[in-house]
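Below is one structure; the comments refer to it alone.
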There are 2 protein chains.
Amino acid sequence: MSPAKVPAERTVTLKDVAEHAGVSPMTVSRALNKPETVSDALRARIDAAVDALGYVQNLVAGALASAGSNVIPVIVPSLSNTVFVEIVAGIQEVAQTAGFQLMLGNTEYDLEREYTAVSTFLGWSPPGMIIAGMRHLDRTRNLLKRWGKPVVETMEFGAQPIDMNVGLSHFKAGEAMTRHLVERGYRQIVFVGCRIDADYRAAQRYKGMDRVLARHGLARRDPISYTEPSNPERGGDALMEILDIKPKVDAIFFANDDLAVGAILRAQREGIAIPKRIAVAGFNGLPFASLVTPALTTIMSPRHEIGRIAAQQLIERISGRTPARRRVDVSFELQVREST
Amino acid sequence: MSPAKVPAERTVTLKDVAEHAGVSPMTVSRALNKPETVSDALRARIDAAVDALGYVQNLVAGALASAGSNVIPVIVPSLSNTVFVEIVAGIQEVAQTAGFQLMLGNTEYDLEREYTAVSTFLGWSPPGMIIAGMRHLDRTRNLLKRWGKPVVETMEFGAQPIDMNVGLSHFKAGEAMTRHLVERGYRQIVFVGCRIDADYRAAQRYKGMDRVLARHGLARRDPISYTEPSNPERGGDALMEILDIKPKVDAIFFANDDLAVGAILRAQREGIAIPKRIAVAGFNGLPFASLVTPALTTIMSPRHEIGRIAAQQLIERISGRTPARRRVDVSFELQVREST
DNA sequence: CTGAAAGCGCTTACAG
DNA sequence: CTGAAAGCGCTTACAG
């Protein structure tokens, strides 16, 4: 029952290291943080003292004294959706290499929770912040603007960022896919997603689709939005429902590949011919999308790259440099495969 | 080019709030941190001052003064693998609700980087730590033991944890799946994974398999381990290679569902009959596993639950209570479907 | 190149 | 219930 642990010892501080090495704390601080400002011999003596005492730098004290930490808060609406995780992974890659730590906030698509997360994180005196999306409470925007430090909004490319912005135009993505479907000869196209009210980026893709349909004088339908979160099974169900209730529909543009791949897997099982009976398109570019039969036509969104660029931009600004562009419109790629 | 920002103002501190409310800083601190110790009227006055000044508590200063923060470091070997992300999501869920923040470290399966992450994180005076896996450098184990605060090792259930442990027995999981395959009549079974040397949990599943094969006097093969990271396409390639080079093999136990689903999708495309020509089994329980044709036999690992329990155990201990069990062996579930 | 002083913004522990 | 003092462990800014 009793934890198998050595009792906690008194914390070893800079001062202890200094005494052990026979110098002042200030010198130790310098040797640790700017090794080049100190002679080799001294640095070696101090490193030895650090090892001997098992000294661990107190980052909290450092952050307070220098009025800033190297922790970058990253706020996402969900961790269940791979898309956000991949952005976080991209950020991590760059940030960790540059010596920054990531603090993770999850809002569950709740803008009030987003506000709480932002204001809490501000209390850690971070040098900057990365936040998913461009739709926030006015309070949140104002707080961040008044804060005055670098902020990157990711995911979508949009107008009037708080500060910097790295993402793609979901409107254009919707247009691109729809143009492809129209060229292929599909005339009765429907958009299917989950919780499109909250997933406003999906709504933007729908709007892009609607614009193209209107321009071609084709039938414009309201999007179909299910109330549960996106999951592959729901994609299959949606396919069957549409076939049953709206038999004239000849193509489905799904809000994401989870749904679209789910629809293809169901079609396989039910013996429904895709794209002959009905075409299926997705969005994101999941690994499985190219492996199902028929392979899924989709749009590759560069999540990892968005994360990396966001982190790079932020770190540029933290380091006092000015990135070439405040707003970065990352490109997407239409992958035409067998399902359309 | 010039950022659209309000210039940064002087930081609003506790003292400012105190002056504004006409009380001492100490009283404001109490009103904020232990609202119940202060009269309603006073609390209202202080809340008003906080709002008026836009005060944000400086958590760094608080952490230094009280020699502890509410930041919990979470260290994982990868963010590209859903399994770890789901554990992080489970931890988040519990931790964020309880008022803790997560700091995220990614080791990329590198034990040296793990040590660096651990020792850096210690500098944030966290109240505890969650780390994936039970295989660490001796230095890392010692550092954590000497630190003396609560630590949870997750993913696998194993002997001699640093402190607490929540996970499942991968050895038993390997045994369970192999027993199933043997019962079904498969006799020439091979284990296929990627980077099994680094993914020692996969190696444990292999050992469980080997044990069962030995007990039944069946052919025991070395595992096949590819050098690239796990991805669905590799699963398909592996299937084709085995069919070609080891035609007698009648069942493949893949190290994870990504590989196994990839194999099934390839079999579909190539017209290979599963399980008739060769059976396929996986591990993890991905959403797509039940949707492919044939549906994949796999083992459901409760990643989310592991994360939640790990966070609960940690927070129990942080709060000074003693969890009922220091080691939690979460159960897994064999899902027999069509592919075996 | 090295050090003594002051201070970062809180909370702990002690008084009243 | 409220406050004055001391201190958390560093770094900044200034001397030497």
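Order of the sequence lines sets the chain letters (A, B, ...), proteins ahead of strands, with each chain counted from 1. Quick caveat, the model's predicted, so the values are computed rather than measured.
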**Study point:** A:Arg30 vs B:Ala67, nearer the 5' end of DNA chain D by closest nucleotide
**Key:** B:Ala67
Check your understanding: Is any NZ, NE, NH1 or NH2 atom of the basic residue among A:Asp163 and A:Arg317 found under 4.0 Å from an Asp or Glu carboxylate oxygen of the other?
Key -> yes
Practice item. Working to the nearest 0.5 Å, report the span between CD1 of A:Ile75 and CG of A:Leu104. Key: 9.5 Å
**Study point:** Residues touching DNA chain D, which here means a heavy atom under 4.0 Å, drawn from residues 45-57 of chain B
**Key:** none
Check your understanding: Taking only residues two or more places apart in sequence or in another chain, which ones pass salt bridge (charged side-chain N to carboxylate O under 4.0 Å, His left out) with B:Asp199?
Key -> none
Study note, to complete from the structure: Residue set satisfying salt bridge (charged side-chain N to carboxylate O under 4.0 Å, His left out) with B:Arg113, at least two apart, ordered chain then number -> none
**Study point:** Flag, side chain of A:Asp16 to backbone of A:Leu53, donor-acceptor distance under 3.5 Å
**Key:** no
Review point. Contact boundaries of DNA chain C with chain B (under 4.0 Å, heavy atoms), 5' to 3'?
Key: C:dG9 to C:dT12
Revision key, fill the gap. Residues at least two apart in sequence or cross-chain that pass side chain to side chain contact (heavy atoms under 4.5 Å, CB included) with B:Phe157, listed by chain then number, are B:Asn165, B:Arg327, B:Asp329
Please table the atom pairs, donor to acceptor, closer than 3.5 Å between any side-chain atom in residues 306-314 of chain A and protein atoms at least two apart or in another chain.
from     : atom 1 : to       : atom 2 : distance (Å)
A:Arg308 : NH1    : A:His304 : ND1    : 2.9
A:Gln313 : NE2    : A:Arg325 : O      : 2.8

Revision key, fill the gap. Secondary structure of DNA chain D per the Watson-Crick/G-U criterion (both distances under 3.5 Å; [ ] crossing, | other strand, . unpaired) is |||.||||||||.|||
Exercise for review: Applying salt bridge (charged side-chain N to carboxylate O under 4.0 Å, His left out), name anything that partners B:Glu93, two or more places apart in sequence or on another chain.
Suggested key: none
Review item, side-chain donor-acceptor pairs of residues 117-124 of chain A, under 3.5 Å, at least two apart:
from     : atom 1 : to       : atom 2 : distance (Å)
A:Ser119 : OG     : A:Tyr115 : O      : 3.4
A:Ser119 : OG     : A:Thr116 : O      : 3.3
A:Thr120 : OG1    : A:Thr116 : O      : 2.8
A:Trp124 : NE1    : B:Gln101 : OE1    : 3.0

Revision key, fill the gap. In numerical order, the residues of residues 15-26 of chain A whose heavy atoms come under 4.0 Å of DNA chain D are A:Met26
Review point. So which pairs with a foot in residues 58-85 of chain A pass salt bridge (charged side-chain N to carboxylate O under 4.0 Å, His left out), sequence neighbours left out?
Key: none
Revision key, fill the gap. Residues 27-56 of chain B vs salt bridge (charged side-chain N to carboxylate O under 4.0 Å, His left out), sequence neighbours excluded, gives B:Asp40-B:Arg43
Review point. Can you tell me how far OH of B:Tyr200 sits from CE of B:Met134, rounded to the nearest 0.5 angstrom?
Key: 8.0 Å
Check your understanding: Looking across every strand, which nucleic acid part, if any, lies under 4.0 Å from A:Leu59 by heavy atom: base, sugar-phosphate, or nothing?
Key -> nothing
